[in-house]
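Accompanying notes for the structure given below.
Numbers restart at 1 for each chain; the letters A, B, ... are given by sequence-line order, proteins then strands. Note that the structure is a prediction, hence the values are computed from the model and not measured. What's counted below: heavy atoms across the whole structure, side chains too, no hydrogens, waters or symmetry copies.
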2 protein chains.
Amino acid sequence: MQSNLPHLQSIFTTDCVIFGFREGELKVLLIERNEYPFKGWWALPGFFVEHNETIDDAVKRILYEHTGLRGIFMEQLYTFGDLKRHPQGRIITVAYYALLRLDDLKSQPEPVTDYARQAVWHPLNNLPDLAFDHRHIIDKSILKVRRKISYSPIAFELLPEKFTLTQLQQLYEAIWGRKLDKRNFRKKMLNYNILKELPEFQRGVSYRAARLYKLDKRKYAKVFQNELTFSKD
Amino acid sequence: MQSNLPHLQSIFTTDCVIFGFREGELKVLLIERNEYPFKGWWALPGFFVEHNETIDDAVKRILYEHTGLRGIFMEQLYTFGDLKRHPQGRIITVAYYALLRLDDLKSQPEPVTDYARQAVWHPLNNLPDLAFDHRHIIDKSILKVRRKISYSPIAFELLPEKFTLTQLQQLYEAIWGRKLDKRNFRKKMLNYNILKELPEFQRGVSYRAARLYKLDKRKYAKVFQNELTFSKD
DNA sequence: AATATAGTGTGTATTTGTTACACTATTAAA
DNA sequence: TTTAATAGTGTAACAAATACACACTATATT
C-alpha cells in the first residue's frame, strides 16, 4: 500500500517542544541542526516518523535520545501541514510538547542523533531565530500550557519531587508571565488538596527554611482524571 | 523527495466530525462506505490528503462536498497514528470537527464523492457501529466541544442566525448532557454582552412568542479573539 | 367554556470564589 | 549584633455562580 499511490504519499515528522524550569524561568531545549536545510540553525528536536512506528513512539524515542529519561509528560499539540513550511516540499509535522524535571537530568543533554550538532536549553523569553515554522510551534505550545495549567496542574511535571510553595508559585508566574499574590496562591493550591506536606524543610536556598511539599498522586488522579500521557510505555 | 525514502512514506487522510443540532439533540453526519475495507459500514466523512494540498484545504473540500456550504466553523482535533487503526497498514488521520447550522442546508446531504453510498445525520446518542477508530474520534470530539463551549461560545455556530435563548439553552444542555437553570443561563449569556436583542419574536413554535437574538459579531470577535477557523478561504 | 400544559419571563438571597492588603519570624551575611 | 532577604500567615470587600418561586400566555384537550 505504501508505493501504489505516489500522489498520496507524504513524509512526516514529529517536533517536540521540551520545556524545563530552572532559575525561575522556563527553558526550551533546542538543537543546532547539522543538516540541510537550515544547517547551523536552531530548531526543535524532531525526526521522521517511520512508516511502522506510532507517532507517540517516535516522540518517546526523541525524548529518550535527548534526555536519557523515560516517563516524561507529553501531549500532542497540533499537526502542521502547510505546503511551504519545508523548503523541499510538503512535510507534515505532528508537534508535541513535553514537560521535564530538569533535576532528573544527569548531565547536559548530548544528542545521540547526528542530525544535531548540539542541544542547548534556551530561556523561553530569549529565543534565537528558528528553522522552519518552529517559532510558531513554540508559541502555540506556550498558549496550550498556559491554558492547561489553569484546569489541570501539570505544572508539577516541571518541578522536582519535593518542592516549596514558592518554587511552585515562581513556576506559575513564569508560565503566565505575571506576578501572583502569595497568600492567594497558597490558599488556592492548598485548597486543591492534592499536595502532601512533608516534615522536611529546604535549607540553604533562602534565608529562612521553607516547607517542602510533594504531589499526592492519588488525590491528584482523583481530581484530574484527564488522561495524561507519559512517555514511558 | 516523495519517492526516495519509502520507509518514511505514509498515507494519510482527514476525518471530519460534522455536528449539527436539530430537534433538541446533537447530530453527526455519517456516510455509508462504498469501498473496502468496511464496505457497508458507517463512517466519518473523510478522504485522502493529496501531497500538494493543505490539511485544512482537504477538510474544506470534504465539508463542501458533503454540505454544499463554505465558511463552516472547523477546528483540528487530533492526529491518530496507531499502527492497527487501518487493516491495510498504518494510515494516519488528522481528525477535525466542524459545527454546522442545519438550517443552512438546502436539502438532505448527498455525497458528491463515490466512496460513500449515502450520508445521513445520526443522533449523537444513538450511533451505529462505526468503521476504524471513528467512534473513538467522535468521543474525543465531544469532549473537546464540551470543554470549548465553556470558554468560547462556539455553540452559536450550530444555531440559525436568529435564535431564542431557549434554543440556545437547549443546545448547551444537549452538549453538556445536563439540565441548566434557566435564569442563571440567561443572566450569564446576556452578561457576555455578545448577543444583540432583535425587535422580532418567534411565533408558532411555542405557546408564547419568544424573543429573538442574534450574535453581535463585533463584540464576539473582541471578546473571543481566539483564532477561530472557518472553512471559507 | 373550562382546564391542563408547556413554554416564556423576571428578582433575590446564599454560597462560593477572587482579590487586595501588612505584618512577624527566621536565617544569612556583613 | 545589625541588616537584609525571604517564609509564612488572616481577614475583609467584592464579584461570580448558584439555588430557588412565581406570574403570564398561547395552545390543546376535555
Nearest-Å distance, CZ (F185(B)) to P (dG7(C))? 16 Å
note: E197(A), atom CD; dA7(D), atom P; distance rounded to Å ~ 16 Å
Return the value, rounded to whole Å, for the distance between atom CG of L180(B) and atom C1' of dA19(D). 13 Å
Checking ring-ring contact (aromatic ring centres under 6.0 Å, His included) against F156(A), which of Y172(A), F163(A), Y192(A), Y213(A) comes through? F163(A)
Interatomic distance where CD belongs to Q169(B) and P belongs to dT10(C) [whole Å]: 14 Å
Nearest-Å distance for atom pair NZ/P, residues K182(B) and dA19(D): 16 Å
R186(A) CZ - dT9(D) C1' separation (whole Å): 9 Å
Length of the CD-P vector between Q167(B) and dA6(C), whole Å: 19 Å
Round to the nearest Å and state the distance from Q202(B) atom CD to dG9(C) atom P. 10 Å
For R211(B), answer base if it contacts any base atom (sugar-phosphate contacts may also be present), sugar-phosphate if it contacts only those atoms, and nothing otherwise; contact means non-hydrogen atoms under 4.0 Å. sugar-phosphate
Which pairs count as salt bridge (Lys or Arg N to Asp or Glu O under 4.0 Å) when at least one residue sits in residues 180-189 of chain A, sequence neighbours excluded? none
Answer yes or no: is there an ion pair linking K60(B) with D56(B), defined by an N-O contact shorter than 4.0 Å? no
Donor-acceptor pair under 3.5 Å: do we get one between R183(A)'s side chain and the base of dA7(D)? no
Quick note, side chain to side chain donor-acceptor pair (under 3.5 Å) partners involving residues 199-209 of chain A, not counting sequence neighbours, are K162(A)-E200(A)
Ignoring hydrogens, what is the shortest heavy-atom contact between I137(B) and L77(B)? Give both atom names and the distance. O-CD2, 3.8 Å
Between G204(A) and Q170(B), name the one whose nearest nucleotide on DNA chain C is closer to the 5' end. Q170(B)
Are any protein N/O atoms closer than 3.5 Å to N/O atoms in nucleotides 17-19 of chain C? If there are, list each pair with its distance.
from, atom 1, to, atom 2, distance (Å)
dT19(C), O4, K187(A), NZ, 2.9

Taking NZ, NE, NH1 and NH2 as the nitrogens, is one of them in D57(A) or R61(A) under 4.0 Å from a carboxylate oxygen of the other? no
Taking atom types as they are modelled, would you say the side chain of R208(B) forms a donor-acceptor pair with the base of dT8(C) within the 3.5 Å cutoff? yes
In sequence, state the C-alpha distance, the side-chain angles, and the governing distance for V28(A) and W42(A), and then conclude on side chain to side chain contact (heavy atoms under 4.5 Å, CB included). CA-CA 11 Å; V28(A) 181; W42(A) 292 99; over 6 Å; no
Please figure out whether T166(A) or D181(B) has its closest DNA chain D nucleotide nearer the 5' end. T166(A)
